[in-house]
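Written below as structure tokens is the structure these notes are about.
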Amino acid sequence: MSRSIKGLMVKDFQLMRSQMKFYFIVMMLWGVVMASSLNMVFFAGYNALICSFLLVSTFSYDAFENGYAYLFTLPVSRRDYIYEKYMFGFLLTTVPFLLVSAVCWAALVIRDSGMHFGVYCLSVSTALPMAYLMLALEIPLQIKFGQEKSRIVSMLLIGGMSAAMGLIGFLSESVGVAEFLSGIAGFGIGGVAVLVAAVVVVLLMVSYRISCRIMEKKEF
Amino acid sequence: MIRLNNVVKRYDNFCLECSMEIPAGQVTGLIGRNGAGKSTAFKAILGLIRTDGGTIEVFGKDAAALTQADREQIGVVLSDSGFCSYLTIRDYLPVLSAMYADFSRDKFTADCDRMGLPLKKKIKEFSTGMKRKLQILAALSHNARLLVLDEPTAGLDVVARDELLGLLREYAEDGERSIVISSHISSDLEGICDDVYMIENGKIVLHEDTDVLLNEYGLLKVTKDQFAQLDQTYLLRTKEESFGYSCLTNQRQFYQDNYPSVVIERGSIDEVITLMSKH
């Protein structure tokens, strides 16, 4: 890891430290609610999405009071900055997800829920690709539009994607969605996991390239 | 150390067109009114804006091709940007340590202490002057070969200004390091700069050694009759006043010798800015 990326990681970690109190309070409250209903699978997945959103706040801190200008006078290239955001977003999403998932599993074992470990892993891990896709969507939007506008644009995009999914569902018979899904199911759990991972990696790479291009064009 | 060759940057209502050279071991001042293009020139040097023409070299390389190691050799103060306000100086210590191979943590914290900058207080609670001190100390903390300082003394009281200018003089003493500095406080520049560029409406209108400017430039204050009889060969600028004319010359001695009755004041950066900007 280059010195500049390490420095940026440390900076974002320091920024996150001030957010941690808020994060822990939210997680504690949700944890109590979820533990009482034994809905630990949902809780673990929800945690991953919350963590992916935490990355957004680091962009706001960086942009505050034209902070980007000074940031890019430090020995930090624009590509370093973007690369670090994806790396930090990955860590910020994955590490708490693994920790919270382990705690939730422990809670399920203690409460003797009877859930099989494999089923649990499969259930909670569906949230992780969603969290990574949120990163792939949010990072370029944050760089392009800033916090306020990107919120509106991401809502429009998510709304548009939901509408598209609804339309596909409505037209499922004519466009052959059922056949497509049954074809994917034929790969088995392992095959589907590899397929999902590949799609997520490709989308993250596309997102990274778009983010780099947007950042290279920006002036401060 | 820095060379700007016909650099052009166009905005809707403003165009920067400038050439400058800052050699190694030189302290160069950039003067001009607000909006003249000083910050735009600094941002072009630092790669914060894309230029529309010309070339910029830093350390003999295209500014866009500087490596991380090259960029570690540059310390910067910007007039409109700084450290993230939500962190403390203590939070920034590991960041600077990670980014700069030559970051002197002990010296930096000692300097912060001496300048009255609390390590554990969030930077957003600092005054403007404290934020400026922090940027200057950070720029001086990693043994940079080049300092690019846009209004580094803005918001500082007289004592802090003197102290920081002392630090900058000390920094430049080794003869290998360069500083390019802008300030609206002319006495700061007169005391520290080897030469000054004046920028007006995005164009360099004057480049002169500070010693020449202070010793050979002068401001003539003449009545209309005196002005009519004056040899105007060495007048750079003339401005009509209630009493007659104010005239800027780079040959003060000539007018002192030949027109002993004319009131002639010594040259200063303030007068150069005032006279050169009015036309």
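So you know, we letter chains A, B, ... as the sequences are listed, proteins then strands, and number each from 1.
- The environment of B:Phe59 atom CZ is dense: over 12 non-hydrogen atoms of other residues, nucleotides or ligands sit within 6.0 angstrom.
- When all heavy atoms of B:Met99 and A:Val76 are compared, the pair lying nearest together is CE-CG2, 3.5 Å.
- When heavy atoms are compared at a cutoff of 4.5 Å, B:Leu87 approaches chain A solely by way of its side chain, counted from C-beta outward.
- In the displayed structure, B:Asp102 atom CG is contacted under 6.0 Å by more than 12 heavy atoms of other residues, nucleotides or ligands.
- The 12-atom threshold is exceeded at NZ of B:Lys121, counting heavy atoms of other residues, nucleotides or ligands nearer than 6.0 Å.
- Side-chain contact between A:Lys11 and B:Cys84 is absent, with no heavy-atom pair separated by less than 4.5 Å.
- Contact annotation for A:Lys217: both backbone and side-chain heavy atoms come within less than 4.5 Å of a heavy atom of chain B.
- In this structure, no portion of A:Ser77 lies under 4.5 Å from any heavy atom of chain B.
- Using a 4.5 Å cut-off between heavy atoms, A:Phe72 contacts chain B through both its backbone and its side chain.
- Listed for the B:Arg50 side chain is no donor-acceptor partner under 3.5 Å among the backbone atoms of A:Glu219.
- Neither the backbone nor the side chain of A:Ile5 comes within less than 4.5 Å of any heavy atom of chain B.
- The minimum heavy-atom distance between A:Gln14 and B:Pro94, with the atom names listed, is NE2-CG, 3.4 Å.
- Side chain of A:Arg3 to backbone of B:Ala69: no donor-acceptor contact under 3.5 angstrom is found.
- Enclosure of atom CZ in A:Arg209 is not indicated, since only 12 or fewer non-hydrogen atoms of other residues, nucleotides or ligands lie within 6.0 angstrom.
- A:Arg78 approaches B:Gly47 most closely through the heavy-atom pair NH2-O, 3.2 Å.
- Considering CG of A:Leu74 and CG of B:Leu96, their distance stands at 7.0 Å, rounded to 0.5 Å.
- B:Ser85 and A:Phe64 get closest at one heavy-atom pair: OG-CE2, 4.0 Å.
- Residues B:Val76 and A:Tyr70 come closest through the heavy atom pair O-CE1, 3.5 Å.
- In terms of non-hydrogen atom pairs under 4.5 Å with chain A, the most contact-rich of B:Gly75, B:Ser97, B:Ala101 is B:Ala101.
- Within the 4.5 Å cutoff, the side chain of B:Leu48 has heavy atoms near those of the A:Thr73 side chain.
- In terms of heavy atoms, A:Phe220 sits closest to B:Ile49 at O-CG2, 3.9 Å.
- Neither the backbone nor the side chain of B:Lys124 has a heavy atom closer than 4.5 Å to any heavy atom of chain A.
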